[in-house]
Amino acid sequence: MSEGIEKIKFVDEETNDEIWFEVIDEVILEDTKYILVVDEDDISTILKQVNEADDEVEYTLVEDEDEFKKVATEFMTSEDYDIEV
């Protein structure tokens, strides 16, 4: 991951609530970028990049259980942090 702490804003499409996440790590699997993020309550999740245009990048929650496990397993190989599924 690059130097410094990167933060991104996620807007829940159902509630329009804004959630700020700190980006912990990123991985590219099968040409798709995934990021491991943590919110202000130290709850982590994985977001999947679905679109990129100009300076805006669009992410969505990884909802498919098999896809989530595959990506989480990849993040679990890092020795920089400890995550559990």
Side-chain angles (χ1 to χ4, degrees):
M1 195 72 218
S2 60
E3 303 117 24
I5 297 174
E6 181 182 358
K7 292 194 175 197
I8 62 167
K9 178 175 67 173
F10 184 82
V11 179
D12 185 313
E13 291 180 356
E14 294 179 13
T15 65
N16 282 333
D17 289 340
E18 292 182 358
I19 304 166
W20 282 94
F21 287 113
E22 180 179 319
V23 179
I24 304 299
D25 202 355
E26 64 182 53
V27 66
I28 298 175
L29 292 175
E30 299 174 8
D31 296 325
T32 301
K33 180 178 177 180
Y34 298 89
I35 57 174
L36 175 64
V37 296
V38 63
D39 68 13
E40 59 201 23
D41 296 324
D42 285 334
I43 297 172
S44 61
T45 194
I46 297 172
L47 301 177
K48 173 182 180 176
Q49 182 175 326
V50 292
N51 194 12
E52 182 174 9
D54 300 322
D55 288 339
E56 296 230 355
V57 180
E58 184 178 344
Y59 293 96
T60 187
L61 294 171
V62 177
E63 295 181 5
D64 179 80
E65 187 175 331
D66 291 334
E67 179 182 17
F68 182 87
K69 286 180 182 179
K70 183 177 181 180
V71 177
T73 300
E74 184 69 26
F75 281 121
M76 292 162 91
T77 63
S78 176
E79 295 180 9
D80 294 337
Y81 47 83
D82 185 31
I83 61 171
E84 297 176 15
V85 177

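No experiment lies behind these values; they were computed from the predicted model shown.
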Taking the side chain as every heavy atom from C-beta outward, state whether Tyr59 and Val37 have any pair of such atoms under 4.5 Å apart.
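Contact flag for Tyr59/Val37 side chains = no.
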Would you check if Asp39 and Phe10 make a side-chain contact, meaning some heavy-atom pair closer than 4.5 Å?
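Not in contact.
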Derivation and outcome, side chain to side chain contact (heavy atoms under 4.5 Å, CB included), residues Leu47 and Leu61
CA-CA 5 Å; Leu47 301 177; Leu61 294 171; 3.4 Å; yes
Report the residues that fulfil salt bridge (charged side-chain N to carboxylate O under 4.0 Å, His left out) with Glu18, sequence neighbours left out, ordered by chain and then residue number.
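Residues passing salt bridge (charged side-chain N to carboxylate O under 4.0 Å, His left out) with Glu18: Lys9.
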Using salt bridge (charged side-chain N to carboxylate O under 4.0 Å, His left out) as the criterion, list what pairs up with Glu13, not counting sequence neighbours.
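None.
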Ion pair Lys69/Glu65, N-O distance below 4.0 Å:
yes
Among residues at least two apart in sequence or on other chains, which ones pass side chain to side chain contact (heavy atoms under 4.5 Å, CB included) with Thr32?
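Result, side chain to side chain contact (heavy atoms under 4.5 Å, CB included) vs Thr32: Tyr34, Lys48.
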Under the side chain to side chain contact (heavy atoms under 4.5 Å, CB included) rule, collect the residues that match up with Ile28, sequence neighbours excluded.
Lys33
Are Leu29 and Ile46 joined in one hydrophobic group, where the rule is that I, L, V, M, F, W and Y side chains link up if heavy atoms are under 4.5 Å apart?
yes
Flag yes if Ile8 and Val57 sit in one hydrophobic cluster, no otherwise; membership is Ile, Leu, Val, Met, Phe, Trp, Tyr, and two members link when side-chain heavy atoms are under 4.5 Å apart.
yes
Please give me the minimum heavy-atom distance between Val27 and Phe75, naming the atom from each residue.
CG1-CZ, 3.5 Å
Rounded at 0.5 Å granularity, tell me how far CD in Glu6 sits from CD in Glu26.
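That separation rounds to 7.5 Å.
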What residues form a side-chain hydrogen bond (donor to acceptor under 3.5 Å, both in side chains) with Asn51, not counting sequence neighbours?
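side-chain hydrogen bond (donor to acceptor under 3.5 Å, both in side chains) check on Asn51 returns nothing, list empty.
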Taking only residues two or more places apart in sequence or in another chain, which ones pass side-chain hydrogen bond (donor to acceptor under 3.5 Å, both in side chains) with Thr15?
Asp17
Does any pair with a residue in residues 49-64 pass salt bridge (Lys or Arg N to Asp or Glu O under 4.0 Å), and if so which ones, sequence neighbours excluded?
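Those involving residues 49-64 do not exist here.
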